[in-house]
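Please read the structure below before turning to the comments.
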Amino acid sequence: MVTTGRNRHEYQWTFEFSLPHHFRGWNVQAEDPDRLATFWAEFLQVAPQLSIDSAYLPAAGAGGVPMMFQLRSESRPQYQVAHLDLTVPWGKRETEVRRALRLGALHEWDVLDEYPHVQWSTLSDPEGNLFCLAEHPPVQPKQR
């Protein structure tokens, strides 16, 4: 049980939960949910389930996370507060970036030499949502 504080009426707000929590889905508001879901379905290689004003993508394999796309009712926020980081096998980032570009993504920037443990490319999907494609070099066994 976690007590989060009191509101202005002096009621105490308490939430109960059991650990561990699991990340079970990513929800995105979109100007065109079908179009955006189709981009992500093709990139993640899953079959979308489209409806009138929303779309669902099942998890892309074991450990994957399903995605839900719903119609955005307000204008797009000026600032994106979260983005997806997707990991690809070492040596495959450039190939996956090219594939994403063919599907409609835009290349924003690369971070290649700043960190020894990761290289990544930042892209945006067809509605401008940022996402990163990262690759980590193979771990070399320690010599004794």
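We number each residue from 1, following the sequence as shown. Note that the coordinates shown come from a computational prediction; the quantities given were computed from them, not determined experimentally.
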What is the minimum heavy-atom distance between [X] and [Y], and which atoms define it?
X      : Y      : answer
His83  : Asp85  : NE2-OD1, 2.9 Å
Ala55  : Ala37  : CB-CB, 3.4 Å
Pro33  : Ser54  : CB-CA, 4.2 Å
Pro137 : Pro116 : CG-O, 3.5 Å

Within this structure, what is the [atom1]-[atom2] distance for the pair [X] and [Y], rounded to the nearest 0.5 Å?
X      : Y      : atom1 : atom2 : value
Leu130 : Thr122 : CG    : OG1   : 7.0 Å
Leu71  : Ile52  : CG    : CD1   : 11.5 Å
His107 : Arg98  : NE2   : CZ    : 11.5 Å
Leu133 : Arg99  : CG    : CZ    : 9.0 Å
Asp32  : Asp53  : CG    : CG    : 11.5 Å
Leu103 : Phe39  : CG    : CZ    : 6.0 Å

Fill in: More than 12 heavy atoms from other groups under 6.0 Å of CD on Glu94
no
4.5 Å side-chain heavy-atom contact, [X] and [Y]:
X      : Y      : result
Asp125 : Val28  : no
Leu123 : Leu101 : yes
Leu84  : Met67  : yes
Leu86  : Phe43  : yes
Leu57  : Phe69  : yes

Are the side chain of [X] and the backbone N or O of [Y] linked by a donor-acceptor pair below 3.5 Å?
X      : Y      : value
Gln45  : Ala60  : no
His136 : Val118 : no
Gln119 : Glu135 : no
Glu127 : Glu31  : yes

List the steps, then state whether side chain to side chain contact (heavy atoms under 4.5 Å, CB included) holds for Leu36 with Asn129.
CA-CA 10 Å; Leu36 195 56; Asn129 302 299; 3.7 Å; yes
Between Phe131 and Trp26, is the ring pair (Phe, Tyr, Trp, His ring centres under 6.0 Å) condition met? List the steps. CA-CA 13 Å; Phe131 67 99; Trp26 184 262; over 10 Å; no
